[in-house]
Amino acid sequence: MAHAHESNMKRIWTVFGILSIITTVEVYFGITKPDALFFGTFIKMSLLNWLFIILTIVKAYYIMWAFMHLEGEKKSLRWSVVAPLVFLILYLCFIILIEADYIFEVFKNSHYKWMF
């Protein structure tokens, strides 16, 4: 039996379109920096930074889903790939927020000067 070869051209263009739209939104917000997002804060970090983090995670997940072919795998394999990454990303965000707050407090309340 010969297997029919299916073209993935439509799927590739769909993935390209979705990733392009998300990237365009990131670039737009990076250039314009709306005041509501730039000066608004959540957990001592700009809402604009949170938006960038969330959109980057969405892009990374979609790349894994589409190009690593996770959509066709069993649920247990998908979770074994995605769950450690989600944990590590959340842990990295936690460490960055805690350390950034500590460094800010050290420079704000001491005789050290801002060198950056």
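If you read the sequence from its start, that first residue is 1, and numbering goes on from there. Here the structure is a predicted model, which means the values were calculated and not measured.
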Would you be so kind as to tabulate the donor-acceptor pairs closer than 3.5 Å made by side chains of residues 46-66, with sequence neighbours excluded?
residue: S46; atom: OG; partner: L37; partner atom: O; Å: 3.0
residue: S46; atom: OG; partner: F38; partner atom: O; Å: 3.2
residue: S46; atom: OG; partner: L48; partner atom: N; Å: 3.1
residue: W50; atom: NE1; partner: F42; partner atom: O; Å: 2.7
residue: T56; atom: OG1; partner: E26; partner atom: OE2; Å: 3.1
residue: T56; atom: OG1; partner: F52; partner atom: O; Å: 2.7
residue: K59; atom: NZ; partner: T23; partner atom: OG1; Å: 3.1
residue: K59; atom: NZ; partner: E26; partner atom: OE1; Å: 3.0

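Taken together through direct or relayed side-chain contacts under 4.5 Å among Ile, Leu, Val, Met, Phe, Trp and Tyr, I43 and I95 form parts of separate hydrophobic clusters. Under the 4.5 Å side-chain heavy-atom criterion for grouping Ile, Leu, Val, Met, Phe, Trp and Tyr, I89 is not connected to V81 through any hydrophobic cluster. Taking hydrophobic clusters as Ile, Leu, Val, Met, Phe, Trp and Tyr residues chained together by side-chain heavy-atom distances below 4.5 Å, V15 does not share a cluster with I12.
M9 belongs to a hydrophobic cluster whose remaining members, ordered by chain and number, are W13, F16; membership requires side-chain heavy atoms of ILVMFWY residues under 4.5 Å apart, directly or through intermediates.
Here CD of E71 is found 4.0 Å from CZ of R11. Values are rounded to the nearest 0.5 Å. In this structure, the separation between NZ on K75 and OG on S80 is 13.0 Å, given to the nearest 0.5 Å.
Pairs passing the ring-ring contact (aromatic ring centres under 6.0 Å, His included) check and including a residue from residues 71-102, sequence neighbours excluded, do not occur.
Contact of the T41 side chain with the M45 side chain is not registered, since no non-hydrogen atoms from C-beta on lie closer than 4.5 Å.
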